[in-house]
Amino acid sequence: MRGTFSLGAVAGVPVRAHWSVLGLAALIVVLLGDAVLPRAVPGLARGQYWSTAVVGGCVFMLSLLIHEMAHALVARWCGLKVGSITVWGLGGYTEVEEKAKNPRVELVVAAAGPLASVALGGLGFLVLMIIPGKSLTASAVTWLSSMNLLIGAFNLLPGAPLDGGRVLHGLLWWRFKDRSRADRASARAGHFVGTTLVAAGLFGTVFAGWLGGLWLVLVGWFIVAAARQELTVTIASAGLRGMLVREVMTADPDRAPAWMTVGEFIGKTALTSRQSIFPVVDLTGAPIGSVTLAALMAVPRQSRGVTRIDALPTRRPVRAVEAGGEATELLQPAGGQLIAVVEAGVLVGMVTAADLDRIVGQAILRAGPDTAD
Ligand SMILES: [Zn+2]
């Protein structure tokens, strides 16, 4: 996600925040300080409400972080590689770099977050037994505990990317013993949950004037988009099964030698090539990046003769896959515009974003109607 900044690390897991999280924190503080607390304990000074609200806001953000830490730590405990945790305007996100190898792992990793939220909510209500009933603190704790229970319950709705979507997928995978059938069934459930949330949110906003409904519309829309993406990947995987990267790649593309000057490369290759993106290779023929026509255009005419290809700001190092690997590997989210295909470390082909569209389209055509159960 772009626009994130580091908050340090907890238990060795890097924690990042997207700027939109400030909006969420502000919203919580205003909600507590301006509405929830004054209504629960009327007649106090404004400063008292706001100072409690700020502490409450911090505790709320902390509880979101604990939810994500639960996912991260359980994933690591199950032997999965955890990337980082990001908190943003709609909650949190834990990046697990590997897919679960069996349904049990998927189930426990997904369930850990909502269970942590529910446990925090329960803990809050236990704390309420020892603090006086009508105080500001008690009201804040009541609200925070209810929110944690709500977050736990909401996240269990069976639509990915909500945790419940993964829980459902794990359960179906366990029951069907067939991962792609579980993929399709849970994508359909996600589509249903997402559409329902959008409809409920719109209804609430239009007919009840409830502004929180817009948030439901947004979350619902995310779920529908994720379900559609999941379904595409699932059907395309079925169509690609048994095929190798070599069979679907663009073989022997025009390359941009790292040591060549921009001027030389434009004259020799770029002007006559049918490509708009070129893999950059070093002296051994290994891919070390990519360069686009746009990047070449950005070099002023007078510096073309002295600027080398490897001095151009190439986006990020390209992802390399083996030519003999399974074509379904290409469907994993790529880290750039170009996937380099290698054999013994040497570039032999490439897959661009446009290639990927074609490959997915052909795979869906090939998969045929028998995959839609
Ligand atoms: Zn979660």
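Reckoned from all heavy atoms, side chains included, excluding hydrogens, waters and symmetry mates. All ligand and atom numbering here is 1-based and tracks the order in the structure. Here the structure is a predicted model, which is why all the values come from computation and not from measurement.
Sorting the N, O or S atoms of His67 by how far they are from the Zn ion (ligand 1) puts NE2 first.
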**OP:** Go through the steps to decide whether Arg166 and Glu230 satisfy the test salt bridge (charged side-chain N to carboxylate O under 4.0 Å, His left out), and finish with yes or no.
**Re:** CA-CA 12 Å; Arg166 296 277 154 244; Glu230 184 93 20; 3.6 Å; yes

Original post:
Are Arg358 and Asp355 close enough, and set up right, to give a salt bridge (charged side-chain N to carboxylate O under 4.0 Å, His left out), and what steps lead you there?
Top reply: CA-CA 5 Å; Arg358 166 182 58 79; Asp355 288 334; 3.6 Å; yes

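Not a single N, O or S atom of Glu68, from either the backbone or the side chain, sits less than 2.8 Å from the Zn ion (ligand 1).
Computed with the Zn ion (ligand 1) at the centre, the His71 NE2 to Asp163 OD2 angle is 100°, stated to 10 degrees.
Of the possible donor and acceptor atoms, none in the side chain of Ser303 sits under 3.5 Å from a partner among the backbone N and O of Val299.
A donor and an acceptor atom, one from each side chain of Ser117 and His67, are located under 3.5 Å apart.
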